[in-house]
Amino acid sequence: DAKTTQPTSMDCAEGRAANLPCNHSTISGNEYVYWYRQIHSQGPQYIIHGLKNNETNEMASLIITEDRKSSTLILPHATLRDTAVYYCIVRPQGGSEKLVFGKGTKLTVNP
Amino acid sequence: DAGVIQSPRHEVTEMGQEVTLRCKPISGHDYLFWYRQTMMRGLELLIYFNNNVPIDDSGMPEDRFSAKMPNASFSTLKIQPSEPRDSAVYFCASSFYRSYPSGTQYFGPGTRLLVL
């Protein structure tokens, strides 16, 4: 599986957009980008995933660069409850169901 | 749906004792995963099952750890004998291969294990 690089921590003001970057320069053509988050003391939670097109759901938007070597998770209006560790993971669609979690980005949303 | 259920939520035991962690996956899911999370090592996959069969146990730290899945609705992770370095949060997760998106795992609340 391709490795990912994320900043260790980020801060964001409540109500503002939070933009979390992820580098995955060795991503393969059949690998998807997944984002999970882990709120303190809880299990990780799926947020969104994509292959090459930008994606949006009720939680977030995912912007993937044209060369697919990096992506950005966008929380459009961050709230205090969005304070969590955000994990960017790349894995093939189908095949092994394994997810390999890195260290992620600790996002702190400040009032 | 109740989600993934884990028990106990907290466990305190003494070194050398046997510890059994339990997991009930979401009904209909065909994959089950056991993870361990520590500050030092982060979130590590220990073992996962497909249709009750262990597929990859390469993350199991040593022979003191064992996992079983006797049926589709129940799995156990056993540590015998336990050691202080086993102190961690243990998560169980499940997924359904034919769901969309594939790769979406649903995590339980975790079991916080402290070995004294």
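In what follows, every chain begins at residue 1, and chains take the letters A, B, ... in the order their sequences are listed.
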Report the distance from atom [atom1] of [X] to atom [atom2] of [Y], rounding to the nearest 0.5 Å.
{"X": "Tyr48(B)", "Y": "Leu99(A)", "atom1": "OH", "atom2": "CG", "answer": "10.0 Å"}
{"X": "Tyr46(A)", "Y": "Tyr106(B)", "atom1": "OH", "atom2": "OH", "answer": "8.5 Å"}
{"X": "Leu45(B)", "Y": "Phe101(A)", "atom1": "CG", "atom2": "CZ", "answer": "9.0 Å"}

In terms of heavy-atom pairs under 4.5 Å with chain A, which of Gln6(B), Arg112(B), Glu44(B) leads? Arg112(B)

Heavy-atom distances under 4.5 Å only: say whether [X] touches chain A with side chain, backbone, both or neither.
{"X": "Arg41(B)", "result": "neither"}
{"X": "Gln37(B)", "result": "side chain"}
{"X": "Asn50(B)", "result": "neither"}
{"X": "Leu43(B)", "result": "both"}

Under a single-linkage definition using a 4.5 Å side-chain heavy-atom cutoff for Ile, Leu, Val, Met, Phe, Trp and Tyr, are [X] and [Y] assigned to the same hydrophobic cluster?
{"X": "Met59(A)", "Y": "Trp35(A)", "result": "yes"}
{"X": "Val90(A)", "Y": "Leu20(A)", "result": "yes"}
{"X": "Met15(B)", "Y": "Leu113(B)", "result": "yes"}
{"X": "Phe107(B)", "Y": "Tyr34(A)", "result": "yes"}
{"X": "Tyr31(B)", "Y": "Tyr90(B)", "result": "no"}

Please say whether more than 12 non-hydrogen atoms of neighbouring residues, nucleotides or ligands are located less than 6.0 Å from CD in Glu18(B). yes

Decide if atom CG of Asn57(A) counts as having more than 12 heavy atoms of other residues, nucleotides or ligands within a radius under 6.0 Å. yes

Donor-acceptor under 3.5 Å (Tyr36(A) side chain, Gln105(B) main chain): yes

In terms of heavy-atom pairs under 4.5 Å with chain B, the winner among Gln45(A), Lys103(A), Gln42(A), Gln38(A) is Gln38(A)

